[in-house]
Amino acid sequence: MQRGKALFIGFKRHDSILVGGGVANMRCLKALRTYFGDENVTEYYILDEANGRSLWSYAKAVCLFPFDYHNGLTPKKVQEVVEMSKDFDFVFLSTSVVGLIAKKLKESGYKGKIITHYHNVESIYYDAQMPRWLPGRQVVVRCAAHNDEYGWKYSDKTITLSSRDANYLEKHYGGKADAIIGVAMEDKFRPVDEQQLTSKKPLCLFLGAYSKPNNDGVLFFVKEVLPHVDINFKVVGKGMAKLQEENECMKDIEVISDAPDLRPYFEEADFMILPIFSGSGMKIKTCESLMYGKNILGSDETFEGYEVDTDKVGGRCNTADDYICALKNYSENPIPRFNKYSREIYLKNHSEERHNSIISSVFSE
């Protein structure tokens, strides 16, 4: 059945190592291809990470932020999308940082449907990501907020990852989200020994790329928790060697930076340690941990948007004492390394099959 043609707008074409938003983008792109057919989906990216960026492009981005063109978006690129859109029935904005495109499409008289997918409330995300001392940070946050608003006001359909984000956007810009679709990912799990118990000196893994919320979480754990527990601790994530170089307290921590395949690290871990205290949207690392059937110790933010019993999944820990007590308890009372409940939650709510079926319903309505 011919269902029309879709133009997928991505902010960044990622290199071979996908993190967070890149994983979510690929899930959305795959859902579009499943629904419309590969031949009926065209991709357009504002940036190409593999090719890098020139100093001129950065300078131009700084000048365009006050005019709501987010980091790398330009009037020329917006016009290219407007011209391309004439050949498509749907334009899918994979992130609201390009919400300005929705505004320009409507102003140009575009007759198809515009769908904006919110990874986060981007103004909240950038407010959390950017250091307070950074010059111009408020200009960037304001630009992100304007794009959030444009996506919300000028799209025919809007999708958020969590009810928290949907409620925030409704409160600030009016109207309800057309769909709340949690994160999902391709199933890479392979059978394990379900009888094996966690070690009395458990291997604990933090997974996450170099970014302020992740860095803050790792440093909190290393400084406030690690000296008080007898565990093996490992950090795996894109760019995380930089965090180790910048902080003396990390010098004796095993850090694996830019690993092309994360599965071996998930499989060897007794516990996922995910102390995240700021942000928006949902955490992809939580979904990955559920997929692999892992025991998870995480904060309120770690589990935001996930319908889980945190006691069954491992534990909700928001303070250093919470982590210390939980880890000492599990050292004294080992539990199965494979958490059947975590795996069941992934299959029920976060498999790509479920994601594809829900996102398809947005296009068919």
Side-chain angles (χ1 to χ4, degrees), residues 9-12 19-22 24-25 46-47 49 53-78 93-104 107 116-155 158 160-162 164-175 177 208-220 239 242-243 246-247 276-283 299-301 304-305:
I9 307 296
F11 184 71
K12 183 184 295 185
V19 298
N25 278 342
I46 307 303
L47 299 175
E49 187 179 83
R53 297 177 66 184
S54 66
L55 289 176
W56 167 242
S57 73
Y58 281 110
K60 187 162 54 175
V62 170
C63 295
L64 288 172
F65 268 121
F67 302 98
D68 299 334
Y69 291 88
H70 195 271
N71 186 19
L73 189 63
T74 66
K76 180 181 178 181
K77 290 175 182 177
V78 171
L93 305 182
S94 67
T95 168
S96 62
V97 293
V98 295
L100 181 63
I101 291 176
K103 181 176 186 288
K104 297 297 185 181
E107 291 175 347
T116 297
H117 177 264
Y118 284 76
H119 283 301
N120 312 279
V121 176
E122 296 295 347
S123 56
I124 295 175
Y125 174 80
Y126 280 97
D127 188 54
Q129 284 276 9
M130 302 182 71
R132 298 288 167 182
W133 53 262
L134 194 67
R137 72 181 302 279
Q138 285 305 319
V139 176
V140 176
V141 172
R142 190 180 305 116
C143 175
H146 288 169
N147 276 277
D148 279 335
E149 182 177 6
Y150 296 147
W152 201 253
K153 288 177 62 176
Y154 294 101
S155 297
T158 53
T160 65
L161 292 181
S162 69
R164 176 182 65 174
D165 289 357
N167 292 338
Y168 179 93
L169 292 163
E170 180 182 359
K171 177 181 178 181
H172 286 80
Y173 308 127
Y210 184 93
S211 68
K212 188 176 185 303
N214 286 337
N215 298 350
D216 289 347
V218 170
L219 294 175
F220 154 81
K242 184 178 179 182
L243 182 67
E246 295 172 341
N247 293 274
I276 306 299
F277 302 108
S278 63
S280 183
M282 295 172 67
K283 304 300 170 279
S299 60
D300 290 343
E301 187 63 37
E304 177 62 40

Just jot down the ring-ring contact (aromatic ring centres under 6.0 Å, His included) partners of [X], sequence neighbours excluded, or say none.
{"X": "Tyr168", "answer": "His172"}
{"X": "Tyr126", "answer": "His70"}
{"X": "Phe277", "answer": "Phe220"}
{"X": "His117", "answer": "His119"}

For [X], enumerate each residue passing the side chain to side chain donor-acceptor pair (under 3.5 Å) test, keeping only those at least two apart in sequence or located in another chain.
{"X": "Asp216", "value": "Lys212"}
{"X": "Ser299", "value": "Thr302"}
{"X": "Asn214", "value": "Ser211, Lys285"}
{"X": "Lys77", "value": "none"}

Original post:
Mind checking what makes side chain to side chain contact (heavy atoms under 4.5 Å, CB included) contact with Lys171, not counting sequence neighbours?
Top reply: none
Could you tell me which residues satisfy salt bridge (charged side-chain N to carboxylate O under 4.0 Å, His left out) with [X], sequence neighbours excluded, listed by chain and number?
{"X": "Arg137", "result": "Asp127"}
{"X": "Glu246", "result": "none"}
{"X": "Glu304", "result": "Arg164"}

Original post:
Between the side chain of Lys76 and the main-chain N/O of Leu73, is any donor-acceptor distance below 3.5 Å?
Top reply: no
